[in-house]
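Step one of this worksheet: look at the structure below.
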Amino acid sequence: MPPSSASTTDARSSASSGGVQSLERAFDLLERMADAGGEVGLSELSASSGLPLPTIHRLMRTLVACGYVRQQANRRYALGPRLIRLGESASRLLGTWARPYLARLVEETGETANMALLDGDEVVYVAQVPSKHSMRMFTEVGRRVLPHSTGVGKALLSHTPDDEVRALLARTGMPAATEKTITTPDGFLAALDEVRRTGYAVDDNEQEIGVRCLAVLVPDSPTAAAISISGPAGRVTEAATERIVPVLQQVAAELSEALASSGPGTG
């Protein structure tokens with residue numbers, strides 16, 4: 001006897017729901033792998049996700065076949081190379097989505113606005129909207145700098161454990177860009193304490209003499225992100241800082257909310 005139209009609809013709905021659930025679980029496993037440093041065992045994933053091992057094994061087998069996960073010689077699973085292209089494209093889009101918020105920063109502060117991400121041990125600038133002043137700061141999108149000499153670097157590392165920060169600084173070294181650059185791990189960790197205390201980071205002539213930058217972390221961003229303004233030290237004074245920081249924090253909160261939703265401009 002052929003199934004009724006109602007039972008057919010129910011079956012389709014169930015299959016659709018199962019497909020969506022599998023997709024959600026697969027993405028959840030990828031995020032858990034990233035949180036664990038990129039490589040995990042099935043038992044670890046089962047313990048953290050609460051999913052049964054057979055379910056995790058089936059999902060991981062699919063992700064391996066697609067190239068998003070690879071199985072190591074030690075039988076553990078690692079994030080796969082196909083994710084790199086997705087991440088690079090997403091980073092570029094993140095900069096595109098941020099531009100209206102950066103434009104608002106320029107309008108309200110008068111200074112050049114930037115957005116930066118932490119990529120490995122380096123800070124990479126992914127978006128900028130320039131100031132309208134004839135004397136303004138310019139940082140090429142795509143430029144990479146070491147985090148110890150920048151406001152965005154301090155903001156991006158402000159919630160990273162001290163031992164991880166020390167390990168990063170040991171890998172990169174702490175070359176002096178100017179005579180005001182922080183060049184010791186203890187000095188940099190003290191600066192991070194100040195960021196956590198005040199809620200914003202300062203680059204005071206540390207990357208370039210005559211330039212001051214103010215930066216804040218974008219809270220709950222899908223990847224660590226910071227926004228900043230930069231301008232001549234004669235304009236970005238202590239008095240201007242008191243006015244600019246609340247604007248930075250407000251824009252960062254609004255950008256965070258937009259990124260957490262279905263996307264800026266969608267409703």
Side-chain angles (χ1 to χ4, degrees), residues 94-95 97-118 123-141 143-159 176-183 187-221 224-259 264:
L94 194 60
W97 290 333
R99 281 188 62 82
Y101 297 89
L102 299 183
R104 233 187 78 206
L105 274 178
V106 174
E107 287 296 323
E108 296 195 29
T109 69
E111 304 300 343
T112 295
N114 310 282
M115 182 178 193
L117 310 179
L118 193 63
V123 170
V124 58
Y125 290 92
V126 296
Q128 181 180 84
V129 176
S131 165
K132 294 173 182 168
H133 289 291
S134 57
M135 181 183 292
R136 58 179 181 262
M137 303 305 106
F138 178 78
T139 298
E140 183 181 357
V141 171
R143 182 187 178 202
R144 292 174 175 272
V145 295
L146 297 182
H148 72 280
S149 61
T150 63
V152 284
K154 292 173 190 172
L156 288 166
L157 292 175
S158 59
H159 295 294
T178 74
E179 65 266 24
K180 295 199 69 174
T181 305
I182 298 171
T183 56
F188 189 69
L189 289 173
L192 297 188
D193 283 340
E194 185 69 6
V195 176
R196 289 188 286 269
R197 186 183 70 79
T198 62
Y200 69 96
V202 181
D203 159 13
D204 188 3
N205 295 268
E206 296 162 49
Q207 178 68 26
E208 187 176 343
I209 290 296
V211 177
R212 291 188 87 233
C213 300
L214 307 172
V216 299
L217 197 64
V218 178
D220 304 317
S221 174
I227 58 173
S228 69
I229 65 92
S230 56
R235 286 203 306 257
V236 186
T237 60
E238 291 298 331
T241 297
E242 294 180 11
R243 173 179 59 83
I244 291 171
V245 167
V247 178
L248 267 171
Q249 293 170 332
Q250 178 63 32
V251 171
E254 291 176 10
L255 177 56
S256 171
E257 186 177 337
L259 293 174

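Here the structure is a predicted model, which is why all the values come from computation and not from measurement.
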Does L118 form a side-chain contact (heavy atoms from CB on, under 4.5 Å) with V123? I'd like the steps, not just the answer.
CA-CA 5 Å; L118 193 63; V123 170; 4.2 Å; yes
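A donor and an acceptor atom, one from each side chain of D203 and T150, are nowhere located under 3.5 Å apart.
L248 and I227 get closest at one heavy-atom pair: O-CD1, 3.7 Å. The two residues A155 and V195 come nearest to each other via the heavy atoms CA-CG1, 4.5 Å. For the pair L156 and L217, the tightest heavy-atom approach, listed with the atom from each and the gap, is CA-CD1, 3.8 Å. I182 approaches G187 most closely through the heavy-atom pair CG2-C, 3.6 Å. Taking each heavy atom of N114 and S230 in turn, the nearest pair found is ND2-OG, 3.5 Å. N205 and G210 make their closest contact through OD1-N, 2.6 Å (heavy atoms, listed as atom of the first residue, atom of the second, distance).
In this structure, E194 places its CD atom where more than 12 heavy-atom neighbours from other residues, nucleotides or ligands lie under 6.0 Å away.
When atom types are taken as modelled, the side chain of S256 and the backbone of V218 share no donor-acceptor pair closer than 3.5 angstrom. In this structure a side-chain-to-backbone donor-acceptor pair under 3.5 Å is present from T237 to A240. Using modelled atom types, one side-chain atom of K154 and one backbone atom of V202 make a donor-acceptor pair closer than 3.5 Å. Side chain of R99 to main chain of V129: no donor-acceptor pair is present (N/O by atom type, distance under 3.5 Å, no hydrogens or angles).
Atom CD of residue E254 and atom OH of residue Y101 lie 7.0 Å apart, to the nearest 0.5 angstrom. Here the CG atom belonging to L105 is positioned 12.0 Å from the OG atom belonging to S131, to the nearest 0.5 angstrom. Taken to the nearest 0.5 Å, the CD1 atom of I244 stands 9.5 Å off from the CZ atom of R235.
Ion pair E238/R212 flagged as a salt bridge, since at least one NZ, NE, NH1 or NH2 atom sits closer than 4.0 Å to an Asp/Glu carboxylate oxygen. With respect to E107 and R104, no salt bridge is recorded, no charged nitrogen being found less than 4.0 Å from a carboxylate O.
Scored by the side chain to side chain contact (heavy atoms under 4.5 Å, CB included) test, S149 finds T181, Q207 as partners (sequence neighbours excluded).
Between L255 and M115, the closest side-chain pair of non-hydrogen atoms falls below 4.5 Å. Residues H148 and L157 are not in side-chain contact: their nearest non-hydrogen atoms beyond the backbone lie 4.5 Å or more apart.
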